[in-house]
Amino acid sequence: MRRTEVLKAYREILKATRKTFAGDTQMLKASAMEVRHKFDENKHVVSESDIQKHLDEARETAHFISTMIVQAKLNERGGYEVKPSKDHAGATLEVPSEEILKKRAPITKCS
């Protein structure tokens, strides 16, 4: 039973990352590796309370990724656009200023 719950939580996070980072190969690969790393890190947990705690955190993570992260996309004018979906309704979004974006490392397009 617990194995099924763990696999479901794992799939929920991956589904959230695939939706949130659709079209961004670099971010999809990095997030999948991080999710796998976190689950592998805890694969030897046997305490029921610890397993439940990790399952709850995994569900919260999937929800957070789905509702609180919006990926900005570079438009043809050289600016960034954010298009929140209906999943983001009611969430408070903080859009970074152009100044903050300029200070960050340049975004490279992966093919």
Q: For the pair Arg2 and Leu55, evaluate side chain to side chain contact (heavy atoms under 4.5 Å, CB included) and give the outcome as yes or no after the intermediate values.
A: CA-CA 9 Å; Arg2 282 294 185 184; Leu55 285 170; 3.1 Å; yes

Q. How long is the gap from CZ on Phe21 to CD1 on Ile69, to the nearest 0.5 Å?
A. 4.5 Å

Q.
Lys19: which residues meet the side chain to side chain donor-acceptor pair (under 3.5 Å) condition with it, sequence neighbours left out?
A. Asp87

Q | Pairing residues for His37 by the side chain to side chain donor-acceptor pair (under 3.5 Å) criterion, not counting sequence neighbours | A | Glu41

Q. Taking all non-hydrogen atoms of both residues, which atom of Lys73 and which atom of Ala22 are closest, and how far apart?
A. NZ-O, 3.5 Å

**Q.** Stepwise side chain to side chain contact (heavy atoms under 4.5 Å, CB included) test for Thr4 and Lys8
**A.** CA-CA 6 Å; Thr4 304; Lys8 181 179 178 189; 5.6 Å; no

Q: With sequence neighbours excluded, tell me which residues meet side chain to side chain contact (heavy atoms under 4.5 Å, CB included) with Glu76.
A: none

Q | Least distance between heavy atoms, Ala9 atom then Phe39 atom | A | C-CZ, 4.2 Å

Q: Evaluate whether atom NZ of Lys15 has more than 12 neighbouring non-hydrogen atoms of other residues, nucleotides or ligands under 6.0 angstrom away.
A: no

Q: Kindly give the heavy-atom pair with the smallest separation between Ser66 and Ala16, and that separation in Å.
A: OG-CB, 3.3 Å

**Q.** Residue pairs, two or more places apart or on separate chains, that pass salt bridge (charged side-chain N to carboxylate O under 4.0 Å, His left out) and touch residues 54-70
**A.** Glu5-Arg59, Asp56-Arg59

Q. Is there any ring pair (Phe, Tyr, Trp, His ring centres under 6.0 Å) pair reaching into residues 56-77, and which pairs are they, with sequence neighbours excluded?
A. none

Q: Return the set of residues passing side chain to side chain contact (heavy atoms under 4.5 Å, CB included) with Leu74 (not counting sequence neighbours), or none when no residue passes.
A: Tyr80

Q: Could you pull out all residues at least two apart from Arg36 that satisfy side chain to side chain donor-acceptor pair (under 3.5 Å)?
A: Asp40

Q) Listed by chain and number, what are the side chain to side chain contact (heavy atoms under 4.5 Å, CB included) partners of Leu14, not counting sequence neighbours? A) Tyr10, Thr17, Arg18, Ala32, Val35

Q.
Just to verify, what does Ser47 make a side chain to side chain contact (heavy atoms under 4.5 Å, CB included) with, not counting sequence neighbours?
A. Ser49, Asp50

Q | Cluster check Leu7, Ile51: I/L/V/M/F/W/Y, side chain < 4.5 angstrom | A | no

